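Encoded as structure tokens, the structure appears first; notes follow it.
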Amino acid sequence: MTALPGRAPLLTLDTLVRMRRGPDGAQAPEPPRRLTVPDGMTAPLGCDAVSAPARFGPLLMPRLPRVGCVYADGTRWWWLVPSDSDYALEWPAPAHYATGALLPDTVHRPRLVHRPDGTLPYTPPIPLYLALCRLVGTTPTWSRAIIA
């Protein structure tokens, strides 16, 4: 902060950004958390994540030909997929697609519940998408009738 002679200090943008918000002095929100790739693994295609309610986790695992890194936070399970795995796909509700593997506000940090052999953390997105569609009773996007 700088001050002119005889005047109150000037607030710069940097100062304002660092100030606490709200009348009660509450802290600014924490930056979003990201699922991380375990040590020894690489993500050459970037990383996004797909989550589903925890009750679907054990049902999805045996339906997948390859399972990459899977995380759980108590209410949801998270699968790492290559970046842009949402291209031309509408992931069925109640799934959640997280670009950059950024997590929404969660109570607990997800813990790793499955780590694949090898160095790639990815679950193939198309089998995951098809398994999710089947579990929730949704027709895959490309199989739906086109209405003109």
Side-chain angles (χ1 to χ4, degrees), residues 1 10-148:
M1 259 189 289
L10 292 174
L11 297 177
T12 66
L13 184 55
D14 289 336
T15 304
L16 291 172
V17 168
R18 289 186 189 102
M19 289 181 71
R20 294 180 180 191
R21 297 179 184 203
D24 61 353
Q27 290 283 354
E30 289 184 28
R33 290 187 284 189
R34 181 183 310 268
L35 290 173
T36 57
V37 175
D39 289 339
M41 301 191 96
T42 61
L45 302 175
C47 246
D48 289 347
V50 176
S51 75
R55 69 181 183 277
F56 291 149
L59 301 173
L60 285 167
M61 296 291 274
R63 296 174 184 230
L64 299 171
R66 180 185 190 285
V67 179
C69 290
V70 181
Y71 298 81
D73 67 7
T75 60
R76 300 191 74 77
W77 282 33
W78 299 84
W79 286 261
L80 290 183
V81 294
S83 290
D84 299 324
S85 293
D86 61 337
Y87 181 76
L89 289 179
E90 292 177 30
W91 287 84
H96 173 76
Y97 191 87
T99 302
L102 289 174
L103 301 172
D105 293 333
T106 56
V107 176
H108 302 289
R109 178 143 185 92
R111 64 178 169 49
L112 185 65
V113 294
H114 182 269
R115 179 186 172 136
D117 294 332
T119 60
L120 296 176
Y122 306 122
T123 295
I126 298 300
L128 178 59
Y129 173 80
L130 292 171
L132 274 166
C133 284
R134 184 163 184 108
L135 275 177
V136 300
T138 300
T139 303
T141 305
W142 57 77
S143 297
R144 294 182 190 149
I146 298 174
I147 300 172

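Note: hydrogens, waters and symmetry copies are ignored here, and every other heavy atom, side chains too, is used. Since this is a predicted model, take the numbers as computed values, not measurements. In this chain, numbering begins with 1 at the start of the sequence shown.
Legend: residues meeting side chain to side chain contact (heavy atoms under 4.5 Å, CB included) with Pro62, ordered by chain and number and at least two apart, are absent. Every residue meeting the side chain to side chain contact (heavy atoms under 4.5 Å, CB included) condition with Leu64, not counting sequence neighbours, appears here in chain and number order: Val67, Trp79, Thr123, Pro127, Leu128, Ala131. Applying the side-chain hydrogen bond (donor to acceptor under 3.5 Å, both in side chains) test to Ser83 and every residue at least two apart in sequence or in another chain returns nothing. Considering only residues two or more places apart in sequence or on other chains, Leu130 meets the side chain to side chain contact (heavy atoms under 4.5 Å, CB included) condition with Ile126, Pro140, Trp142. Every residue meeting the side chain to side chain contact (heavy atoms under 4.5 Å, CB included) condition with Val113, not counting sequence neighbours, appears here in chain and number order: Val70, Ala72, Arg111.
Counting all heavy atoms, side chain and backbone alike, Ala49 lies closest to Val81 at N-CG2, 4.1 Å. Taking all atoms of both residues into account, the shortest heavy-atom contact from Tyr122 to Pro44 is OH-N, 3.4 Å. When all heavy atoms are compared, the tightest approach of Trp91 to Asp86 is NE1-CA, 3.7 Å.
Judged by distance alone, the side chain of His114 and the main-chain N or O of Gly68 form a donor-acceptor pair under 3.5 Å. Put simply, the side chain of Asp73 never gets that close to the backbone of Arg109: no donor and acceptor are under 3.5 Å apart.
Residue pairs meeting the side chain to side chain donor-acceptor pair (under 3.5 Å) criterion with at least one partner in residues 50-66, sequence neighbours excluded, are Ser51-Arg76.
Applying side-chain contact (heavy atoms from CB on, under 4.5 Å) to Pro92 and the options Thr139, Thr138, Leu135 leaves one that passes, Thr138.
Taking CG of Leu59 as the reference point, atom CH2 of Trp77 lies at 9.0 Å (rounded to 0.5 Å). Rounding to the nearest 0.5 Å places CG of Leu103 at 9.5 Å from CZ of Arg34. From Leu132, atom CG reaches atom CZ of Arg134 across 13.0 Å, with rounding to the nearest 0.5 Å. For the atom pair Arg115 CZ and Tyr71 OH, the distance stands at 8.5 Å (nearest 0.5 Å). One finds the SG atom of Cys69 at 5.5 Å from the CG atom of Leu80 (value rounded to the nearest 0.5 Å).
Within the 4.5 Å cutoff, the side chain of Pro110 has heavy atoms near those of the Leu35 side chain. Taking the side chain as every heavy atom from C-beta outward, Pro38 and Leu112 approach each other to under 4.5 Å. Ser85 has its side chain out of reach of Tyr129: every pair of non-hydrogen atoms, C-beta onward, lies at least 4.5 Å apart. Residues Pro94 and Val136 are in side-chain contact: their nearest non-hydrogen atoms beyond the backbone lie under 4.5 Å apart.
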